[in-house]
Participant: 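If you scroll down you'll find the structure; I have some questions about it.
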Amino acid sequence: LANAVTLGDLAGYLGGELIGDPQRRVSRVAPLESAGDGDLSFVAGRRYRALARTSAATALLVSAADRGIADTARIVVDDPYAQYARAVALLYPEPAPAPGVAASAHVDPKARVAASASIGPHCHVGVGASIGERVRLVAAVRVLEQVSIGEDSILFPGVTVYPGCRIGRRARLHAGAVIGADGFGYAPYRGAWIRIPQIGAVLIGDDVEIGANTTVDRGALADTVIEDGVKLDNQIQVGHNVRIGAHTAIAGCVGIAGSARIGRRCRIGGAAGILGHIEIADDVEISPYTLVTRSVRVPGKYTGYVPFDGHRDWLANAAHWRQLSRQAERIEQLEAIVEQLRKGGP
Amino acid sequence: LANAVTLGDLAGYLGGELIGDPQRRVSRVAPLESAGDGDLSFVAGRRYRALARTSAATALLVSAADRGIADTARIVVDDPYAQYARAVALLYPEPAPAPGVAASAHVDPKARVAASASIGPHCHVGVGASIGERVRLVAAVRVLEQVSIGEDSILFPGVTVYPGCRIGRRARLHAGAVIGADGFGYAPYRGAWIRIPQIGAVLIGDDVEIGANTTVDRGALADTVIEDGVKLDNQIQVGHNVRIGAHTAIAGCVGIAGSARIGRRCRIGGAAGILGHIEIADDVEISPYTLVTRSVRVPGKYTGYVPFDGHRDWLANAAHWRQLSRQAERIEQLEAIVEQLRKGGP
Amino acid sequence: LANAVTLGDLAGYLGGELIGDPQRRVSRVAPLESAGDGDLSFVAGRRYRALARTSAATALLVSAADRGIADTARIVVDDPYAQYARAVALLYPEPAPAPGVAASAHVDPKARVAASASIGPHCHVGVGASIGERVRLVAAVRVLEQVSIGEDSILFPGVTVYPGCRIGRRARLHAGAVIGADGFGYAPYRGAWIRIPQIGAVLIGDDVEIGANTTVDRGALADTVIEDGVKLDNQIQVGHNVRIGAHTAIAGCVGIAGSARIGRRCRIGGAAGILGHIEIADDVEISPYTLVTRSVRVPGKYTGYVPFDGHRDWLANAAHWRQLSRQAERIEQLEAIVEQLRKGGP
């Protein structure tokens with residue numbers, strides 16, 4: 001249920017310059033091609049410009065370079081896409097439920113819950129846990145003993161935070177995320193496995209977002225650490241004692257094995273994998289489906305997957321994958337013989 | 001707890017021709033080799049025929065081609081395997097709990113729940129949600145604001161459906177499935193990420209089944225769409241604004257990035273990946289572990305993974321993967337030199 | 001909250017020989033380099049020895065070979081790493097909540113719950129379920145009809161066990177694990193899919209640990225079986241009718257398709273895949289990201305993934321992957337021509 005806002009107010013909120021009637025209002029966002037009366041749209045990059053000229057949007061967010069792009073009302077901003085994100089948040093505010101604890105929730109008497117927090121139905125807040133100001137536990141969130149949740153965080157249904165873990169401010173944890181389950185640590189002993197109790201915790205900084213059904217294991221001895229501003233997509237697995245540097249973004253289905261250290265501002269593509277004890281420098285990009293098997297010291301983009309093909313073609317080529325070593329030998333032999341032939345040899 | 005049914009009734013239910021005593025009863029299904037008195041089995045394909053001749057099953061489902069295969073009572077049907085599936089459903093009906101709302105459930109006064117629906121313990125039905133006739137929310141299901149669930153659907157424990165999503169009729173959503181969490185959308189801004197509020201929803205057609213811990217993200221602006229009859233296995237990740245065509249079946253652990261469009265009747269193997277904004281035609285088959293990096297316009301089967309091998313052999317060959325470009329040059333040089341030699345050159 | 005224990009008691013508990021003052025106490029564990037007063041550490045392997053000599057730990061667990069390694073108090077044990085695991089469990093006992101059923105839990109009158117079991121908030125125990133002695137259902141655990149949970153097991157928040165499944169003793173099931181959801185079984189029929197009801201169950205042996213958000217599907221007709229001592233990490237998918245042999249350990253994000261049979265004492269790396277109906281012998285090791293496409297009869301290590309590389313180098317080499325078959329032909333032609341040239345031919 002969108003809000004309406006005047007262009008004057010919007011320009012003020014976004015810190016931009018309005019070219020147009022400050023009293024007009026927008027109440028929705030829409031793509032340039034389908035936008036109509038009351039819609040806000042944005043122009044970011046060359047391919048948007050043609051669409052901008054014919055768009056029926058009420059107002060556009062544009063960069064300084066595009067200030068003259070159309071007669072439509074425009075708000076000139078530093079970064080139209082980022083300011084669009086802010087505008088959407090303004091126009092489509094998330095519902096803010098009344099503070100308080102639902103009747104069906106279970107909050108331990110020894111937990112501290114800020115008066116402005118909202119604890120939804122069937123939530124569970126354990127002994128010694130601390131829930132900050134304006135935190136929202138939507139429903140059926142399990143916050144176990146001694147956990148702390150920083151102010152303005154939202155935890156969606158079915159999130160579990162194990163004992164002793166700490167979540168920073170403005171966190172956004174989606175449904176089914178599990179923070180602080182045991183790391184996978186066993187000692188082999190007489191043909192079986194002895195579990196190594198995992199006594200570290202998980203420390204999560206501010207402004208971290210964690211996707212649905214993503215799991216972050218607690219540390220074995222020291223803590224697993226996720227720094228400020230990290231964004232994790234759905235169904236990511238983060239092993240024990242991993243450290244993820246600030247503002248790194250990781251796409252869905254990635255697996256990160258124990259004790260890996262990932263730098264700041266990295267971008268990791270979907271279903272990539274990072275082996276244990278690997279170090280990845282700041283500003284590294286990993287392609288989807290790429291398994292990182294050794295440390296990466298130099299910023300840049302790294303890749304390793306098989307280009308797909310029609311099945312028969314793949315089959316014909318794949319048969320040779322297992323012959324590459326032998327093939328290399330044959331090429332060397334050919335080179336030696338040809339070299340001899342050139343010299344007039346037999 | 002199986003039902004018993006006479007062969008006459010069973011043949012009528014399956015639309016088949018009975019050869020045998022209509023008063024005999026079957027109460028279970030079993031494989032040909034272990035079936036005994038009271039068991040129904042089926043014959044589908046050549047390798048089943050020898051087993052069929054010696055099976056102690058009480059009755060067999062057979063195709064017209066196999067009508068004379070044994071003296072056992074037979075029901076001749078159009079498709080023995082499909083009719084077997086229907087027979088199992090008849091013999092092993094799922095328990096139908098009494099309609100009503102469990103005492104520990106939380107149903108918002110502004111939600112509509114059909115009188116024939118069953119809302120189990122610790123379920124949560126939010127403001128404005130609509131639960132259709134004969135829907136079953138088994139336990140601890142979270143149906144948030146303005147969600148609608150079509151008639152005869154079943155949602156298993158721990159399913160979360162985010163606000164505004166719509167689920168069709170006869171859906172089957174397994175435990176831990178998350179429908180409508182935020183898509184992974186951020187704008188880079190001054191060294192950090194600004195979240196782009198995801199204001200689309202998820203629309204799911206009729207007869208869709210979704211596996212345990214599978215996640216389907218809500219759309220950024222438009223909706224994520226799953227058409228009728230789609231079958232998703234466990235632990236699949238479906239990004240925002242994806243569209244999956246009718247009757248497509250996707251195996252476990254597949255990841256589908258944002259805005260991919262998958263055709264109808266496709267089959268996608270386990271742990272395959274589809275990059276964002278890709279289009280896949282109808283009737284395409286993708287092999288397991290294959291990453292689809294560009295659109296596929298032609299029906300057929302597509303593959304891309306490394307054939308596995310003993311570790312030492314793999315290691316020997318893999319070393320050459322990173323030399324393929326150089327190796328190709330060497331072959332070209334050899335060809336040039338050999339051509340010269342053939343012409344009597346130096 | 002760690003316990004303190006005297007070295008005399010600890011040596012007795014671990015079955016080791018104490019060299020040092022039996023009255024001294026340790027209350028924590030720590031790595032050799034950061035250990036201090038009151039800390040226990042361990043020496044396992046060559047690279048630990050130098051650290052051991054300078055460690056400020058109060059006591060060390062050492063092997064017989066290292067009994068003279070330092071002046072620090074030592075406990076000589078058969079396997080320092082395994083005994084370290086036992087010592088951690090002694091020093092950091094998991095909280096044992098009081099037996100009983102939380103007020104917000106729902107236990108069906110026809111379920112049996114041992115008097116020593118602890119059923120936490122918002123748990124659900126269905127008709128005919130059986131909960132053994134000292135079992136702990138932490139919170140919001142869903143144990144459906146006719147399930148049995150063996151003694152001393154712990155199920156963390158959000159675990160779902162579907163009807164009829166059996167869990168052995170001393171199980172440890174982490175948050176969001178789903179045991180017994182439907183296997184992915186459909187019969188194609190007239191352009192759509194008919195679901196094959198999955199009437200087998202899941203049988204889990206003793207001492208099995210299952211990670212967060214891991215899913216184990218119920219059998220189609222027979223049962224899915226996980227033998228004693230198996231360790232499954234997070235986000236693993238186990239298909240219907242799979243059998244996993246005793247003491248096999250599987251890392252995160254692995255997918256195992258239906259009816260695969262995995263031997264005993266296997267180790268399977270992260271995000272590996274096992275296709276359906278494959279058999280893997282005992283004592284097989286599968287590398288991460290490796291897809292096993294045929295049965296493995298011989299113990300040993302198996303691998304199949306693409307070595308990653310800088311993106312440009314990968315791109316240059318990957319272009320040739322789809323030319324390998326053609327390239328092999330060119331090498332054969334070269335060999336034939338060169339052979340002719342050697343013989344003095346044209």
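Within every chain, numbering begins at 1; the chains are lettered A, B, ... in the order of the sequence lines, protein sequences first and strands thereafter.
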Participant: Side chain from CB out, backbone as N, CA, C, O: work out which of these in C:Ala328 comes under 4.5 Å of a heavy atom of chain A, or both, or neither.
Facilitator: both
Participant: What part of C:Ile236 lies closer than 4.5 angstrom to a heavy atom of chain A: side chain, backbone, both or neither?
Facilitator: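 Contact with chain A involves no heavy atom of C:Ile236 at all.
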Participant: For the candidates C:Gln327, C:Arg172, C:Arg86, which exhibits the highest count of non-hydrogen atom pairs separated by less than 4.5 Å from chain A?
Facilitator: C:Arg172
Participant: Take C:Asn234 and A:Val238 through the test side chain to side chain contact (heavy atoms under 4.5 Å, CB included) and record every step on the way to the result.
Facilitator: CA-CA 9 Å; C:Asn234 296 353; A:Val238 179; over 6 Å; no
Participant: Tell me every residue that passes side chain to side chain donor-acceptor pair (under 3.5 Å) with C:Asp283, counting only those two or more places apart in sequence or in another chain.
Facilitator: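 If we apply the side chain to side chain donor-acceptor pair (under 3.5 Å) test to C:Asp283, skipping adjacent residues, the hits are C:Arg265.
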Participant: So do the side chains of C:Trp321 and A:Val306 get within less than 4.5 Å of each other, counting heavy atoms only?
Facilitator: yes
Participant: At a heavy-atom separation under 4.5 Å, does C:Glu332 approach chain A through its side chain, its backbone, both, or neither?
Facilitator: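 Contact with chain A: backbone and side chain both.
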Participant: Under 6.0 Å between the ring centres of C:Phe156 and A:Tyr162?
Facilitator: yes
Participant: For residues A:Arg142 and C:Ala140, report the shortest heavy-atom separation together with the two atoms involved.
Facilitator: NH1-CB, 3.5 Å
Participant: Minimum heavy-atom separation for A:Ala181 and C:His174, please, with both atom names.
Facilitator: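 Looking at all heavy atoms of both residues, the closest pair is CB-ND1, 3.6 Å.
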Participant: Side chains of A:Thr303 and C:His311 only: does a donor on one sit below 3.5 Å from an acceptor on the other?
Facilitator: yes
Participant: Please flag which part of A:Gln323 lies under 4.5 Å from any non-hydrogen atom of chain C: side chain, backbone, both or neither.
Facilitator: neither
Participant: Highest number of heavy-atom pairs under 4.5 Å with chain A: which of C:Asp79, C:Ile331, C:Val138?
Facilitator: C:Ile331
Participant: For residues C:Trp314 and A:Tyr305, determine if any side-chain heavy atom of one lies less than 4.5 Å from a side-chain heavy atom of the other.
Facilitator: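 They are in contact (side-chain heavy atoms under 4.5 Å apart), so the answer is yes.
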Participant: Kindly give the heavy-atom pair with the smallest separation between C:Ser325 and A:Ala316, and that separation in Å.
Facilitator: CB-O, 3.8 Å
Participant: What residue, out of A:Leu144, A:Thr215, A:Val296, A:Val178, has the most heavy-atom pairs lying under 4.5 Å from chain C?
Facilitator: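 Looking at each option in turn, the highest pair count goes to A:Thr215.
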Participant: Salt bridge (Lys or Arg N to Asp or Glu O under 4.0 Å), that's the test. Do A:Arg190 and C:Asp78 meet it? Break it down for me.
Facilitator: CA-CA 11 Å; A:Arg190 299 184 180 173; C:Asp78 55 348; 3.0 Å; yes
Participant: Going by heavy atoms in the side chains, are A:Thr293 and C:Phe308 under 4.5 Å from each other?
Facilitator: yes
Participant: Which heavy atom in C:Ala82 sits nearest to a heavy atom in A:Ala187, and how many Å separate them?
Facilitator: CA-CB, 3.7 Å
Participant: Select one option (side chain, backbone, both, neither) describing which atoms of A:Asp313 are under 4.5 Å from chain C's heavy atoms.
Facilitator: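 Neither part.
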Participant: Which heavy-atom pair separates C:Arg267 from A:Trp193 by the least distance, and what is that distance?
Facilitator: CD-CH2, 4.0 Å
Participant: Of all of C:Leu232, C:Leu324, C:Asn317, which one pairs up most often with chain A through heavy atoms under 4.5 Å apart?
Facilitator: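 Ranked by contacts with chain A, first place is C:Leu324.
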Participant: Quick check on C:Gln235 against chain A: is it the side chain, the backbone, both or neither that has a heavy atom closer than 4.5 Å?
Facilitator: side chain
Participant: Looking at A:Phe184, A:Tyr289, A:Tyr302, A:Tyr189, which makes the most heavy-atom pairs under 4.5 Å with chain C?
Facilitator: A:Phe184
Participant: Counting heavy atoms not belonging to A:Arg297, are there more than 12 under 6.0 Å from its CZ?
Facilitator: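 Atom CZ in A:Arg297 is crowded, with more than 12 foreign heavy atoms closer than 6.0 Å.
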Participant: What part of A:Ala105 is in contact with chain C, defined as an atom under 4.5 angstrom from a non-hydrogen atom: side chain, backbone, both or neither?
Facilitator: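 Looking at A:Ala105, just its backbone touches chain C.
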Participant: What option among C:Glu94, C:Arg326, C:His247 has the most heavy-atom pairs under 4.5 Å with chain A?
Facilitator: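 The residue among C:Glu94, C:Arg326, C:His247 with the greatest pair count is C:His247.
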Participant: Hey, what do you get for CG (C:Leu341) to CD (A:Gln340), rounding to the nearest 0.5 Å?
Facilitator: 13.0 Å
Participant: Select one option (side chain, backbone, both, neither) describing which atoms of A:Leu275 are under 4.5 Å from chain C's heavy atoms.
Facilitator: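 Side chain only.
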Participant: Flag the pair C:Tyr84 / A:Ile196 as yes when at least one side-chain heavy-atom distance between them is below 4.5 Å, and no otherwise.
Facilitator: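 In contact.
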Participant: What part of A:Ala319 lies closer than 4.5 angstrom to a heavy atom of chain C: side chain, backbone, both or neither?
Facilitator: neither
Participant: Quick one: of A:Ile194, A:Thr160, A:Ile199, who has the most non-hydrogen atom pairs under 4.5 Å with chain C?
Facilitator: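 Most heavy-atom pairs under 4.5 Å with chain C: A:Ile199.
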Participant: Can you say whether C:Pro31 sits under 4.5 Å from chain A via the side chain, the backbone, both, or neither, judging by heavy atoms?
Facilitator: both
Participant: Relative to chain C, which segment of A:Ile274 carries a heavy atom at a distance below 4.5 Å: side chain, backbone, both, or neither?
Facilitator: neither
Participant: Mind checking the CG-OG spacing from C:Leu315 to A:Ser287? Nearest 0.5 Å is all I need.
Facilitator: 9.5 Å
Participant: Going through the distances and angles, do A:Tyr186 and C:Glu209 end up as a side chain to side chain contact (heavy atoms under 4.5 Å, CB included)?
Facilitator: CA-CA 11 Å; A:Tyr186 299 92; C:Glu209 308 195 11; 2.7 Å; yes
Participant: Is it the backbone or the side chain of C:Ala30 that comes under 4.5 Å from a heavy atom of chain A, or both, or neither?
Facilitator: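 Backbone only.
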Participant: Among A:Arg195, A:Arg294, A:Glu145, single out the residue with the greatest number of heavy-atom pairs under 4.5 Å to chain C.
Facilitator: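 Counting heavy-atom pairs under 4.5 Å, the top option is A:Arg195.
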Participant: Chain A: which of C:Pro288, C:Pro121, C:Gly229 shares the most heavy-atom pairs with it under 4.5 Å?
Facilitator: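 When all of C:Pro288, C:Pro121, C:Gly229 are compared, C:Pro121 has the most.
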Participant: Of all the heavy-atom pairs spanning C:Arg322 and A:Pro307, show the shortest one and how long it is.
Facilitator: CD-CB, 4.1 Å
Participant: Using side-chain heavy atoms (C-beta onward) and a distance below 4.5 Å, is A:Lys301 in contact with C:Arg312?
Facilitator: no
Participant: Considering only heavy atoms and a distance below 4.5 Å, find which of A:Pro188, A:Ala257, A:Gly191 pairs most often with chain C.
Facilitator: A:Gly191
Participant: Is there a donor-acceptor pair closer than 3.5 Å between any side-chain N or O of C:His122 and the backbone N or O of A:Ser104?
Facilitator: yes
Participant: To the nearest 0.5 angstrom, please state how far the CG atom of A:Leu221 sits from the OG atom of C:Ser41.
Facilitator: 8.5 Å
Participant: Between chain A and each of C:Asp233, C:Val88, C:Leu334, count heavy-atom pairs under 4.5 Å; write down the option with the most.
Facilitator: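 Top count of heavy-atom pairs under 4.5 Å with chain A: C:Asp233.
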